[in-house]
Each structure stands twice: as C-alpha cells, then as structure tokens.
Asker: 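To start, I am sharing the structure in question, which I have written as structure tokens.
Letters A, B, ... are given to chains in the order of the sequence lines, protein chains preceding strands, and every chain is numbered from 1. Scope of the values below: all heavy atoms of this structure, side chains included, with no hydrogens, waters or symmetry mates.
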Amino acid sequence: MKDIREDIAWAKINQDVMKSLENPRKIYWVILFFAVLMFAVGIGCEVYQYQVGMGVANLDNPHVWGLYIATFIFWIGMSHSGTLLSAILHLMHADWRKPIYRFAEAMTTFSLMTAGLFVMVHLGRLWQFYYAVPYPNERWVWPNFQSPLLWDAMAIFTYLSSSVLFLFVGMIPDLAIARDNLQSGWRKKLYTLLALGWEGTDRQWRNFRVTYLTIACFLIPLAVSVHSIVASDFGMSQQPGWHVTSFPPYFVAGALYSGCAAIITLFIILRYVFKFEEYMTLPILKKIVRLTFAIAMVWTYLNCVEFASVWYSHDGVSKDLLIQKMTGPYAPFWWAMIFCGSVVPFVFAIKRFQTHIPVLFATSLLLNLGMWLERWMIVAPTFSHGYYPWTWDHDQWPSMIQWGIVFGSFGWFTLLFMVFCKVFPSVSMYEVKEMVYHRTLHLKKNEIGETAEQGAH
Amino acid sequence: MYRFLRLPILLVGLFMAVSCYAVNDSQPTLTTEDDLGPQVAQPIEFPHYRHAGNRNTVDPTNSDPTKGGMEINCQYCHTYARRSLTAGIPPLQKCIGCHQNIPSVRDKPRIVELFKYWDAKKAVPWKKVHDLPDFVRFTHERHIKRFIEQQGRPVQEVCGYCHGQVKEMVTARRQKPITMGWCVSCHMKEHVVAAKADIPEGGTPIGKQAYWYTFQKPAETKNAAGELTAKGPNDCWLCHK
Amino acid sequence: MTATNLLENWASVRHFHPIDDKPHDPYKWAMAIDLDACTGCNACAVACYAENNLPVVGREKFLHGQSMHWMRIERYWEEDGREFPDQGFQFLPMMCQQCEAAPCETVCPVGATNHTQDGLNSQIYNRCIGSRYCSANCPFKVRYFNWYDYPTTENVWPAEMNRQLNPDVTVRGKGVMEKCTFCVQRLRAAEVTAKGEGRIVREGEVQTACQQACPASAISFGNLVDPESRVHKQWLTQQVDLDKDKQDKDQKEGGSDLRGYRILEELRPYPSVMYLERVRESAV
Amino acid sequence: MIDSGSEKHLAGHPFDRRDFLKVLGWSGTAVALSGCGNTSIEDGKETVVSYVEAKDYVIPGVAVYFNSTCAQCDAGCSISGKVREGRVLKLEGNPDSAINKGKMCGVGQAGVQHHYNPDRVREPLLRNGDKGETITWEKAYALIAEKLAAVKGEEIAFLTGGVSGHQKVLLGNYLDSLGTKNHFVYEAVSPGVVRAANLKAYGVEMPRYRIDKAKVVLSFGADFLGAWVSPVHFSQQYAQFRRGVDGQRGVLIQAESKMTLTGANADRWLAVRPGTEGILALGIINALGTATGDVAELVKGYDKARVSRDTGVEPSNIDKIAALLKLRSPSLVLAGSAAEGYAHGSQNAAAINLLNQVLGNVGKTIEAPVSVPFPQMSPAKGNTAALKTLNDDLAAGKYKVLFNVATNPVFTAPASYKFRDNMARAGFKVAFAHYLDETALQADLVLPLDSAMEDWGTSVPEYLTEGAQINIQQPLMERLHPNTRGLGDIVLALIKQRRADEYKGFDDYYGYLRGAMLQNKGALGGGGSDDDNFWNDTLSRGIVKLAGPSASLNASMATAGLKLPAPVEIDEHYPFQLIPSVTSSLRDGRHTNQPWLQESPDPLTTIVWDSWVEMHPKKATEMGIVEGDIVEVTSKTGSVKAQVYLFPGIYPDAVSIPIGRGHDAMGRYAKGYGVNPFQIMDSVFESATGELAMHETRVNITKTGQRVIVVKDEGPAGGMQMGRKIAARVSTDQVDLSKEV
C-alpha cells in the first residue's frame, strides 16, 4: 500500500483540508463539549485549592510532590513527539511525516502549555510565581540559578516559544492558502494577519525553507535538553530512586515513547473526526506504530539499565526503594507500568494489528496510561520510602481535588487541540502537495527508467 | 515583499529592547527626595520642626513658634530606638513631663488636646508612618550603634538616612522609598569603618570591624582618604525571620 | 543580590562550606544532643511550639501527615524478634540539622533558603513560593509545609490564643515552607547586643528554646568556633568535624569508642547537629 | 521589679503600680497574624503602640521577664514569664529554683494556653434550667451568703485539689468561720499509698530521693521522668545519674507491667505480672542473700523459681539485678504507681521499701525531707480516698452545700461511684472553675477563676529539694477577662461575709498576701530590709528560700504485717488486667483542653489527639487484632470503645488505656477526643489506706469489626531504623565515658 494516493489533485487537497475547518463530524462537538466540561472541573478544583491551600490535594509533609509533578512530566514528555516528527524526521527527509506533522507539532505546543500550568498549580504560593522570573526588580533579588527547577522553567519557556514559532512558521504557506480560499469573515481577517503577506514567490520560498530548517535544527537539541533538565530535577537531587545518572536519556526515551503513543491516539481521532482518511493513511500509521515499538524497546532497555545500576551499586537505600516499588503499596501501579510500557507494545509487533484501528486505539491509550504511571512511580515512592524511615509514609493517595486538576488538564489540552484543528489546517497542505509531487516524480522517473531500459534492448 | 518579516523584526526588536533595559538598568531608581509618601493624618498635629528644628539664630529664645525649633535630639523622645528594634513613640508621660512646666503654650489647641488624653489616661493613637511589611524586622538599635555611637555621626543625619528631613516637617511623612532594594543599595555601599582606637585588650576582631563576616572583611578595602571601608551584611535572615 | 553581585561573586554568596578556605568567623552555631540523657519527654517540642508560633493542626490534619512540629521526638527500639523491648527504647529529637552543604539550599528556585554566614540554613518565608523542592531533597525530612492557611484556620489561633504569638517570629501563611531555625530570633538579638558592645556572643548567653526547656539538659548549643563553648569542646572530644572526611575516628580501625555521630553523615551534607549515642549498661 | 510603694505623682496623677501589665496596642489579629500579609510599605494604616506611662525597663520590642510559679501541677516549678507589650508570650524556667533549675516540662509550658484558652469561663454563671445565666459577682456572693445562712456548718463541704501557702491558710480560716471541718483534698492521680508506706518504713511521707547519687536505680513502676511527683526535678537528677557518680554511669532498671516513659529509658525493663511487684522485691532480697533475722525469715519462701513463676521475670534477670545491686552501692529502689495501684498496694510498697532498707540506701540515696517552718502553709496533700469519703457522704445526703474548687471528680471518679448523681443530692453546688468541665456543668453556681498568670498567691510544693522554699505567684499580665477572680480574692470576699472585722483591712487578696508576708519578714529572710524593698525583692525572685527544719528518718525494718497475696489467676470472663496509664502530657486530664498537649505525641506510642488500647502484639495476634481495630473494653462496671495500638512494652495479660482524654465537656480541644478509662474502673480500694486501687480492674476485649487509621507520628516503619544509623546505641563496655566533656 502506498502512503498517499499519487493521483490526488492539488485542488482536492486544498478543498479537503479547508473542509475540515468547516464541517467536521458531529463527534467533534461532543468531544469539545466534554473537553470544556473537564476543563471546568479542573478550574473548579484549582480555585478551591488556591483558596484553601495545597492541603486539599492531600499531600503531606514528607510527601510534598504528587500527581501534579507526575502529570507535569507526562505532558512535557508528550511534547517530544511533535519535534520528533516535524524536526528530526524533516531533517531525515522522511516523507511520510508530512500529513501528520502539523497536528503533532500542535500537540507539542499544547502539551507544553498544559505542563506549564502544572508548574503553577503545584506552587504553594501561585500568586508569587514571579519571584522565579529573572527580571530586574525593586527587591534587588534574583532567583537561584543553581536550582534545576529554575533551569526547568527557563527550558520549558524557551522550548514553548520555539515550538510556537516552529508551528507558526511551518503554517505560513497554508495560512496563505486558507486566506486565498476565503472571501470574507473573521477567518479571512485572521488568516490574512497571520499569513504575513505570503505570496509564494521564489524568494519567499527560499527564505521560508532556510528559516524552517534553522528552527528545526534549533529545536532538536532544545527538545532533548528540556527533558534532560526535567530529569535533572530528579537526578540532581540526592534522594534514593532519583539520584540516577541514566535519568536524562531515560526521560527522553520515555518522552518520545509517550509522545508517539499520543500521536497514534490523536491520529486515529483526527482521521475520523475531520475525515482525513485520504491523507492520514494506514501505511503512515503503520510506520508510526513501528517507530513506537522501537522506542518502546529502547525505553524498556533504559528501564533495565536503571534497575541494574541500582542493583550493582552498593546503595542499600535505593535497593530498598526498588524492592518497595515492586512489593509495597505502589506495587499494583508499578507492575501496571511495566505491563503497559514493556509488554503491551508487543501488540505492535504483530503485523495484523499494525493497521487494526480499534486495537491500535486501545493499545495507544494503554501505552499512555503506562507512561503516566511511570511518571507517578518516579515521583511518589521516593517520598514514601526515602532515607529517613521515621517519615516513611503510608501510601499517599491523591485527593479528588488532585485528580480533578489532573483530569481537568486533559480537558484543557483537548480543548486547545480541538479548537486548533478547527481554526487552523491540521494537515499541511503544501507539504502534502510536495509529497504527492515527489511520489509522482518518482513514478515518472520509474516510467522513464523503464522506457529507457526497454529502449536499450 | 518583505512584509512577512515585519512581525518577526518587531518581536526581536522588542525582546532586544527589554534585554538592554534589563542589563543596563538592573538597579532600579532608588533615592529621590521628592518620593514623598502620603500625608498621614495624626490625632494631634505634632510639630516636629518645632521640637527638632534648628534654632532661630535671630531670635534665640524661639519666641515665635512658626520660626525656629528647639534642636531637641531625636533620641530624647524616641528613646527606644537605641535599645530596641522599634523606635517607638514615647509614653504620654514624657510629653506631659515637659509640657506641665511650659505654661506659655498650655492653652494652645494641640496642647489642650494632649492634656485631654492625659486626663483620660489614654494613649494617643498615633498612626504609623514608616510601616514596613510585617515580615521585615528592621533594627533601629544596630544602626544607631553603628553610626551614632561607633562613628559619632550627627543624630539627625543618621536618622535622616531613612526618615528624611523630619526636623523640617510638621507631622512626619515618608521621604525615602524604603523598599528592599533601597535598603540593599545602602548595604552594598562601601561605608567607612570606624575602628575605635581604644578597643580594650582582649576585644575581639569584631570589635574593630563593623562587619560580621570575614568573607566580606573590610580590612583590605580602603577609600581614597585611606580609611577602611566595608559593605553591610548581606544576609536575608537579618531582617526576615 | 544584584546583577553585579550575581556576576562577580555568585559563588561566595552561595557557599560557606567548611571545606573552603573560608572558616567560619566569628560564629558557627551548632548543637550536640546527648541521647543518653534525652528521656523523650517532649518538653523541647512544646517549647518550640511556644517560641516559634507553630500551629496546632488538629487531629484530621495530623492524620494526613500535615503536622508542623519542627522538632519531633522519634522513638525506636530493636525489633529483633524479642517479646519485650526489655532494653528500653531510644528517643531521638529530630529537627533541621542546619547542614553546611545543605541539599535544600541549592534546589530552591527563588533562593528562599540560603546559608547564612554564621552557619545557619535560613528559610525566608516571604520569599518562598512553595515549590517544596527543598523538602523533596531533604534527607531528614525536617521541613514542614504550610498546607493550609493556619492563621485563619478555625481553632488554630482563636481569639485570645493568638495573643501568645511571638512577635519576633513571622506567623506563616499558607503555601510556605518552614523548619527549625535554631531560634534565629534569639541568636540575632544576642549577636546585635554583642556587636554593640564590641565582643562576640559569650557561651551561655543565648539558648535555643528546646535547649532551655530540656529538663535533662541533653541539648547543648553554642558557637562552634568559640573554643570556650561546650559544643566546641564536645565536638572536639568526639572527633566530629563539620567536614566528615576530616574525622580521625573514621580512619581508626575497628571503630572508635567515641559516641559522637551525625545522622546520614555519609551523604555529606555536613550537618551541624551532633548526636551522642545512647549508652546501655552491659551488665544487665 | 514591681515598684508599689513609692507612688510618683505626675501632673496630679498617681502612678499606677500595675500599668506595665496592660496590654499594649493589641489591635486584634492584625499585628501578629498577617505574617505573610502586606508586602509593601503602608503609611498611616496601623496605629503605633504607646504607653501613657511606662517604667524605664519597659521598652517596646524588648521582653521583660517576671518570676512566678507554675500552677499546671503540684511540683511547684518556678517560672519566668516572658512579657512583651503587656502580653505573656512564653513560660521559661526560673534558674534560681532548686526544683527545676530553669527547666520546664511540656505541661508547664502549656500554661500559657491555659491562660489564653478560648474556652475559659469568663463570667459568674447561675444555673437556670439547663443553661447558665450570667450574673454579677455581687449577686453571686449574696447568693452564697443566703444559701450558707440556711444550713448548718457540718452540712457544708469543700472539695479542693492540693492546696498550700496563704491560700490554704485563708481557706482554713473560711472553713473555720463556717464551722465546718469537711475539707476534702482530692487528687485523681496521687501517690497516696506510697506516702503511707513511706511513713511506715522511713517515718516520713515523702523522703528526698537522690537519684543523682545512686549508682543503680531499681524502680517499680515509678514514672519519675514522666508524671511522678516532681518529674522535672527528677529528670535533672536522672541526667546527673546517667553522667555518673565517680565516672560510673548509673544503671536504671524498671519493673512494671506497662512501660512508662521511665521504663523506656531503662537499661533493663522487666515486664512484671500485674500486682506482683512486691513479690519481685522480696525475691531480689532473697537473691541478695544479705538479709538477716526477720527479713531473712520473710523472704525465705521467695526463691528464684517461685518468684520467676509468679512475676514472669526470668531467673537470670533476678540474678543479674541482685549481683548488680550488690556490686554497686548506693542504689535506690522506688515504688511507683504501678506497685501501689492494687488492693495490696501497701504491701507491695512495703516490700519495695524493705529492699531499700536491706540495701542500706536509707540515709544515702533516701534523705530526710525538709519542710517550711510554717506548718499552716505546708501543703494539704490530695488523695483519692478523700473523694471516696465525700462521695459516700454525698450519697448519704449529709451535705447541703458543696464547694468544688477546680477539681473534676465527675470526670475522674470511677463511674461506679455515681458521683454525678450523688453530687446532685447536695442542694447547692458552687464550682470555682477555669473551664465548664464535667463537674462545673453540674454546679448551680459557677465562679470563674483567674488563670495562674493573672493571680496572686503563694505555695509550698509537697516535694521540696535543697532547702525549703515558698513559691510566689504573681500576675504576668492584666486580666484577660475582666470578670474572672482569683481564688484568694473570692475566699477573701466570702470570709468577709463572716468575719468582716478581722479582714476589713484587706482590700483584696494582694493586700492580704503582702501583709501576711511582711508580717513574717524576719522569718522569711527579709529582716532588716524595709517593707517595700523586701516585697519587691521577693517578687522579683519569685521564690523565698528558707532554712526549713529537717525531719529525721526512722529506718526500722518492720516486717510485721507484710504479707503478699499470690498473683491472681486469669479470670475467664475478664482475662485482661486494665492498666490506666498516666501520661506525661495529660496527667489526670485537667489540661486536655490545651492544644499543645493534645498534639504532643505520646512519647511511647506517638499517638496524638486520641485514646488507645495498648495490647501486646503476641496477644493481639492470637485474637486476630491488628493496629487500628476498634475494640470494646468491658469491665464489670462498663465498657468503652477505642482503637488498638500494638505495643510490646506491656505484660501480655494486661491492656492499658491512658487517662486524660474522653472529656464530654471542657472545651473545643478536649471534648470528644478519646475515651475515659475511669468510666470502666471498678471500685476496688487499697486495703490499708482506702485509696482507689486503679490497677485492679479486669476487663475483656472484643473486636467490633471497625478499623481506623491510628493518628500518630511514627510511620509504617514503626520503631525500626532499617539498618541506617539514626538513633544509635552503644553498650557500656564499648565506650569510654570518662573523657567526655
């Protein structure tokens, strides 16, 4: 099967994608409604928490971090897939990325925004968050540049702004198409404004290519660094279970993993909701699935590395913690993580399932769950089983407020994502055209080659 | 045709401008004389100029109350300042102690008001003028010891560092910003260290230097006049605890 | 700290470890707790509540592990299968160890916890934004977070009870981290007085609230730099040094017959609290 | 420090003596509570605090310390109250006192929470149906006069806790004036049996114990570090004892059925079958083998095998202890509440005292006590027998008017007394109360008392240490609630109703006290100094130290009548012995409404805010009980339900519930937390003294099927250190203590 039909007309591409902006399937509104609902629940919980204090999250004194930080890492992780698809694969000239990189990139941006929210939600004094921003102030005090948390804030902010830029720059030609296809209305005004006067001249295309490539190159190290820094929040501390040198690659692998899993989920949803069957084809899905499987195995390997390094070190405390994870109150979650993260992906190895949409959908959700559990298993057990036995905790169970905010974050993300797909073309028109062009070029070449061969005889 | 570059250029320019500001102007404007705080209404309009103001050279008896003051030392009334964190307001008893012997002004409205409080045995509800945030614990004692007692600087000058020209005011009004950066700006300055020559034998090194910590040891820093100088302490836990 | 400060001497603002060439002078506050004298009576903990405006959180919040005791008395016994704890329990007063290389200090994003020049690990409430990273990185778990706004919580400081609050200590609102300060308000008052008189704080001139209350005088506290101080002498006798790697007794083969040790010193946070091991009579 | 005599006149106003005590500039919550509140400069919003008149030593921002006496228990520690801007902030120990030498226990420090307690009674209340109606003091006094006029002297009863000093004198005079001798001095937790046994053995009720001089302390359930007699003083002695006499570290051995704080600090803790402490003591005498004559005859039957069988203590341990006691002298043997709490408590205590005599400790570590040279001021010691008598009398309808001075028998009397009902038989009940506790709620008239931080007084502690002393109590701040009164003031007002002429010279109790003290200036060591100087000096010290007469010890080894019963067999229906434990922070429950004490973890179990049933893990496993199970503890008299805590420091056939919680009145911090073991206590009395035998209740434990999470400080790791070096321990042969500083 082919990634995309070669005979698809350019006008039809325009038409199909533009149609997705106008009339998606009814299910779109259902999803949007639930997203708003979930977001409202999250907001409600946050307002309550803001008013009353962090205690309503049922965190306690040794156990000071909970789902907020775990979910924060989860969202940061999600953001890596966009970069992977759009930047890394772009540099590698992997053609098949073209119909799907746009939404992956959007996913990056929005999951970063969601992650950023968790940094805020987590703060005890949210209203003083600006103390962490390095700006000249009347107090003559700077934030602490030694703190990984500050690096984190900066890295996320840089990554977010770069991602937004990348998403935006990559969208300019499409925005121009959208602008030109519309006669009037707010959309026309919006696209006109954002298209920055794109006319498709050669010079513009040349500048565009250079800019796009530059940002792509810039973004890759940034993406790696962001999650390495998130990993250093833990790795730089001295707590058992965190003080592991393999954390940065482990986190990055985990990030790519969860990102890919999320892409599969969203791929399936978008394909159906916006009727993108022509563009988001099953062969492309198959490629992502294989990629995901590969990353899953890398992640599994790094997981083993972590256990092994704990095991052969003489650090009794870390060993204790690892055993505690496997057998203690968190054991069900820990084993669920191992199952979802390392066993479930073998579904992807089965050829029959590589294009089986219901199975893929369910599996990708399981993978995401596994990755979320992984983050939780990094954060929570260390607190309940650290250096100091007196403060060992009972299994600290998050309160409904904490769950509510985590729940709400999914609503917030879905809301942003769904609105984006409705407002902006979520399939890159110009790149798909390129892809089709390249494919036909390839065909033509083959034809020419064949004729030439025949001619030689 | 370069229209699409307008927005990026604008954004980059904005960023650069902010950065330049940040680098150049990272020390906000601090001391200005005209940075007056609000005028605070007090229960009795206490005339600082009359008590602390300079003597009228033409009329040394100061018979005209609108001209010239008594040059009373700030610490005569604000006696707690040298012994406590707070400068405080003297007990009413102190006002009466003098004023019961000054019959000439006894029937002035302010004094009548003052005696009303005294007769009712009620403290005058003075309003705070220099009201720092609750988590700031500035110590008057240390600053007075440092500048008035150790260095022998004039009282009104030392008090004036933070309180401005109170001797020219009626009721006190804030003149300095008294923000944290403003405090720190003074602590970052090289101040002359008054090494009293007559520190007794066995006096600790700290007796000879104005600053606590050797890492900020003033010993080697000398100003143009050859005096030892040093910065103030830079420890959050001095004021916030 | 200003930009200049930041660019020029960042390191000197942050590091006061005993390992550099900057010895503490003239103060380094430290403690020694004799576990053989400690009876576990809790007087020190109550003294801490009284001195430092600690909120009483109540049953429900205590249940959720949200208690605020800066000083907690831990109780241990050897559970080696014996029927009765017939060798007695061991009590351990645990509070912030005021580490010299404190793991909490480096991680605070806003620099709300810093090392002071007299060897304390400061916690600035009004600077804290409540990221709780310090607590996450504290191996002793002696940092306590204000999960609720205790000043306005019912029955924490109801009318009249709030008049007991120590005006020298900030009452913490919700969302800030707090911990034992070695009664810094007392230390600073003593330092200011001493400085005004051109001397250093004398041994015995300043006491922490817990030390003052302790009926068995198990806690000694003082200036480690001052050769006259009891703490200095105790540390010296026990061959305990701020820098763990300089402790002679650790090099001694077969262990030493000294009782002094610091908890988790192998992590090298250089704690400022030395404990003296509990002794048990071998004849019974 | 307080200048009363030289009244200064300034602009026509006399200087107010107590002006400094006034609260300065308290603007409600704003001052202290907005710690993280306003973050910027605010001008002209707050009012500056200032005085009208001030003493030189009163400086805003600088604390002033006033010496007084702690009233939280009867140990009589001297305190130094930190006062700032007219508010008392903290209670610290007064270093001049020989009793506490500047140290304080948690209970004492919580005294400020008693003073500032929001649940204090603020106005005189008169019963009107189920409600209390606020009345004026004049009306209250008039009402009392009216009621007293209608009854005969012997129909009036007074119930108080331990009293001493001028209060006792004045109260005695008042009782005289009423023509009644019915003064019941009641303490729910008191060493009454030990006092009686000591009187027999040593000729004094409470000798001076010199733990600091002893090389071995063998304590039979005396929790001298936690709640017994004078814990702060003993803790200091204990520290000295551990540091060692002649370089030899003291050895503490504790024998008891339920581990106390002292037991937890012992080098060897012996789990003794409840009630067999005396047998163990005799067994040790036997093992010592040094006794002669009568004593040898007495202990003959107590060979190791039998003693071990009876007490549950291993023979090897008896040998070791005997050997140690022989080797290291002097030693000290203490009889505490665990030994005295049985029907044969006196016998137990006598056997234990006999051990002391055999060891020759009398005169070495047991010294003669001193007493104040004013017998009328020496303490009236409380016990439980007094309540029993009162209760019987009330039941018989002997009293028409009952005065209760701040005791709480409705809470602390065993339910079988039916005290609440019997109390109702007295026609008119007056309660002098700090809180509306269970007993005050039964009263017809409630008179609000000043806190110890507002009141004047003198007291003499029962347990005096080096030399005699009279403790002074003085106000540390002005009255928090204008309508509370000191006990002395109330009694003075009441006595004026009877003997107006004699007392008309005294405006208030302060005047009376000052007068009385000045009268005896010479005897109080103030001879020669002028009245004001003497008085000011006394107040600033807070203590009057005296050379008191010393009683002499009479060390007769009386074995006559010493006969110990065999240990009781396990009762099928009630297989457990109930040990109501006295904890160091709650004692008899009068301070339960002080939140610091509620949140102060019990040292042994680390439980807060609740009661628990202590069970040995072995027994619990047999019964299928785990930590947090709610069990029903049933005695012959009643039952309570509480959570189980598995605790190895208890004899397996015993369970323990702490005293002090389970209030159903008193205040917000006390009401509804925990259970009250007095409710299930059987009325068994000590045979010789008539004291309540608190350990004689037998109970049955049944599971209710409910389970809760125990609210405690320890984590799931419990007392384990998991191989980390946290609370390290070393044995004496591995350490050299002689070089230590």
Side-chain angles (χ1 to χ4, degrees), chain A residues 50-65 69 119 122-134 136 139-153 233-234 236-240 242 317 379 382-383 386-394 396 399, chain C residues 1-3 5-6 10 14 57 61 63-69 72 74-76 92 94 103 105-114 124 126-150 153 173-177 263-264 267-269:
Chain A
Y50 184 100
Q51 296 290 344
V52 179
M54 291 301 292
V56 297
N58 202 17
L59 296 165
D60 61 41
N61 267 328
H63 200 126
V64 289
W65 289 355
I69 292 290
V119 175
H122 163 81
L123 285 186
R125 297 210 300 166
L126 170 55
W127 52 97
Q128 303 284 35
F129 82 95
Y130 60 89
Y131 281 173
V133 182
R139 297 175 295 279
W140 278 26
V141 182
W142 292 94
N144 177 14
F145 294 103
Q146 274 184 323
S147 169
L149 218 55
L150 194 75
W151 310 342
D152 220 9
D233 280 350
F234 299 91
M236 301 279 286
S237 95
Q238 57 167 355
Q239 292 305 299
W242 289 358
V317 182
V379 173
T382 291
F383 287 108
Y387 275 117
Y388 208 80
W390 186 260
T391 63
W392 282 357
D393 210 348
H394 306 277
Q396 190 274 343
S399 72
Chain C
M1 64 205 68
T2 59
N5 198 319
L6 182 72
W10 179 247
R14 297 294 308 175
V57 299
K61 287 173 185 139
L63 172 66
H64 288 295
Q66 291 159 341
S67 55
M68 301 297 289
H69 42 35
R72 56 174 191 248
E74 295 165 7
R75 181 270 288 119
Y76 297 99
L92 179 88
M94 188 70 196
E105 285 169 16
T106 49
V107 296
C108 176
V110 292
T113 179
N114 291 291
I124 310 302
N126 46 301
R127 179 68 179 166
C128 178
I129 57 170
S131 77
R132 313 193 282 288
Y133 200 171
C134 51
S135 172
N137 210 20
C138 173
F140 309 97
K141 301 295 179 210
V142 285
R143 293 179 150 263
Y144 297 91
F145 187 71
N146 282 277
W147 296 106
Y148 295 92
D149 197 37
Y150 292 113
T153 304
K174 69 179 167 196
V176 299
M177 191 58 82
I263 295 169
L264 299 179
L267 297 175
R268 288 173 179 72

Asker: Could you give the distance from CZ (Arg125(A)) to CG (Asn126(C)), rounded to the nearest 0.5 Å?
Answerer: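 It comes to 7.0 Å.
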Asker: Between Phe383(A) and Trp242(A), is the ring centre distance below 6.0 Å?
Answerer: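 Yes, they do, as the ring centres are separated by less than 6.0 Å.
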Asker: Which region of Ile69(A), side chain (C-beta onward) or backbone (N, CA, C, O), has a non-hydrogen atom less than 4.5 Å from a non-hydrogen atom of chain C, or is it both or neither?
Answerer: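 Neither part, no heavy atoms under 4.5 Å.
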Asker: Relative to chain C, which of Ala132(A), Gly386(A), Pro148(A) shows the most heavy atom pairs under 4.5 Å?
Answerer: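 Winner by heavy-atom pair count: Pro148(A).
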Asker: Against chain A, work out which of Pro269(C), Ser67(C), Gly175(C) has the most heavy-atom pairs shorter than 4.5 Å and name it.
Answerer: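 Heavy-atom pairs under 4.5 Å are most numerous for Gly175(C).
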Asker: Given Val57(C), which partner from the list Tyr150(C), Tyr148(C), Tyr144(C) fulfils the side-chain contact (heavy atoms from CB on, under 4.5 Å) test?
Answerer: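 When side-chain contact (heavy atoms from CB on, under 4.5 Å) is applied between Val57(C) and each of Tyr150(C), Tyr148(C), Tyr144(C), only Tyr150(C) qualifies.
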Asker: Given that the side chain runs from C-beta out, which part of Trp151(A) has a heavy atom under 4.5 Å from chain C: side chain, backbone, both or neither?
Answerer: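 When you check distances to chain C, no heavy atom of Trp151(A) falls under 4.5 Å.
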Asker: Chain A: which of Gly130(C), Cys138(C), Pro109(C) shares the most heavy-atom pairs with it under 4.5 Å?
Answerer: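 Going by pairs under 4.5 Å, I would pick Pro109(C).
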Asker: Please name all residues satisfying side-chain hydrogen bond (donor to acceptor under 3.5 Å, both in side chains) with Asp152(A), sequence neighbours left out, ordered by chain then number.
Answerer: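 Asp152(A): no side-chain hydrogen bond (donor to acceptor under 3.5 Å, both in side chains) contacts found.
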Asker: Within this structure, what is the NE2-CG distance for the pair His64(C) and Leu59(A), rounded to the nearest 0.5 Å?
Answerer: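 With rounding to 0.5 Å, NE2 (His64(C)) is 11.5 Å from CG (Leu59(A)).
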Asker: Any side-chain heavy-atom pair from Lys61(C) and Met68(C) closer than 4.5 angstrom?
Answerer: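 Side chain of Lys61(C) against side chain of Met68(C), heavy atoms only: no contact under 4.5 Å found.
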Asker: Please look at Val119(A) and chain C and tell me whether the side chain, the backbone, both or neither of the residue comes under 4.5 angstrom of a heavy atom of that chain.
Answerer: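 For Val119(A), no heavy atom lies under 4.5 Å from chain C.
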Asker: At a 4.5 Å cut-off on heavy atoms, which part of Arg127(C) comes close to chain A: side chain, backbone, both, or neither?
Answerer: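 The answer is both parts of Arg127(C).
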Asker: Just wondering, do Phe145(A) and Leu150(A) contact through their side chains at under 4.5 Å, heavy atoms?
Answerer: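 Side chain of Leu150(A) against side chain of Phe145(A), heavy atoms only: contact under 4.5 Å found.
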Asker: At a 4.5 Å cut-off on heavy atoms, which part of Ile129(C) comes close to chain A: side chain, backbone, both, or neither?
Answerer: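 For Ile129(C), heavy atoms of backbone and side chain both lie under 4.5 Å from chain A.
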Asker: Tell me, out of Asp149(C), Ile263(C), Leu264(C), Leu267(C), who's got the most heavy-atom pairs with chain A below 4.5 Å.
Answerer: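 Sorted descending by pairs with chain A, the first entry is Leu267(C).
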Asker: What part of Phe234(A) gets within 4.5 angstrom of chain C, counting heavy atoms only: side chain, backbone, both, or neither?
Answerer: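 The backbone, not the side chain.
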Asker: Could you walk me through whether Trp147(C) and Phe145(C) pass ring pair (Phe, Tyr, Trp, His ring centres under 6.0 Å), step by step?
Answerer: CA-CA 6 Å; Trp147(C) 296 106; Phe145(C) 187 71; 4.6 Å; yes
Asker: Contact part of Thr153(C) toward chain A, heavy-atom cut-off under 4.5 Å: side chain, backbone, both or neither?
Answerer: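 Contact with chain A: none, neither part.
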Asker: Quick one: which of Pro134(A), Gly124(A), Ala153(A), Ser237(A) has the most heavy-atom pairs under 4.5 Å with chain C, could you say?
Answerer: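 Going by pairs under 4.5 Å, I would pick Gly124(A).
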Asker: Show the nearest heavy-atom pair for residues Gln239(A) and Thr382(A), with the distance to one decimal.
Answerer: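 Heavy atoms only, the tightest pair is CB-CG2, 3.6 Å.
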Asker: Under a 4.5 Å cutoff for heavy-atom pairs, which residue among Ala57(A), Ser147(A), Gly53(A), Pro62(A) has the most contacts with chain C?
Answerer: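 Sorted descending by pairs with chain C, the first entry is Ser147(A).
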Asker: Can you tell which of Met94(C), Gln66(C), Lys174(C) has the highest number of heavy-atom pairs within less than 4.5 Å of chain A?
Answerer: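 Between Met94(C), Gln66(C), Lys174(C), the count favours Lys174(C).
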